[in-house]
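For reference, the structure discussed in these notes is given below.
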Amino acid sequence: MMHRPSVPELLKPGQSYYSLVVAVAKRAREIAQDADDNHTILLEKPVQLAVEDFAKGRCKLVESDDIGVIHDRRISSMDATDLSDTDGELDEE
């Protein structure tokens, strides 16, 4: 059993903790799906195996350049929902 790597061991300076969590979750889902497809029983949890993949360098965290940038998105009339037309009203019988 491998030691439990700490977050600073897995992240390079400036990388997002949130991105690491998402990447580990995605890798864990891949591991679980591969095991299911191959009818394999995992002896360790998929998340632990995913963390080990990142710690050993088998998987790398790749972030986009605009991570953390808040984009200004304006809502157009096409995006807005007309609240006066509600489908959730109950019909009285």
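It should be emphasised that the depicted structure is a prediction, and the values quoted were computed from it without experimental measurement.
- Interatomic distance, CG of L11 versus OG of S19, reported as 8.5 Å (0.5 Å rounding).
- For the residue pair K60 and F54, the shortest heavy atom distance occurs at C-CE2, 3.8 Å.
- Cluster membership for Y17 and V47, using ILVMFWY side-chain heavy atoms within less than 4.5 angstrom, is shared.
- The side-chain hydrogen bond (donor to acceptor under 3.5 Å, both in side chains) search around Q33 returns D37, not counting sequence neighbours.
- Using a 4.5 Å cut-off on side-chain heavy atoms (C-beta onward), D53 and V24 make no contact.
- Taking T40 as the reference, nothing meets the side-chain hydrogen bond (donor to acceptor under 3.5 Å, both in side chains) condition, with sequence neighbours excluded.
- Placement of V62 and V22 in two distinct hydrophobic clusters is found when ILVMFWY residues are connected by side-chain heavy-atom separations under 4.5 Å, directly or transitively.
- Closest approach of E44 to E52, counting heavy atoms only: OE1-OE2, 3.3 Å.
- Listed for the N38 side chain is a donor-acceptor partner under 3.5 Å among the backbone atoms of D34.
- In terms of heavy atoms, A23 sits closest to L61 at CB-CD1, 3.8 Å.
- Nearest heavy atom pair, residue A28 against residue A50, reads N-CB, 3.7 Å.
- Between the CG atom of L49 and the CG atom of L43 there is a distance of 9.0 Å, given to the nearest 0.5 Å.
- Between the side chain of Q48 and the backbone N or O of K45, no donor-acceptor pair lies under 3.5 Å.
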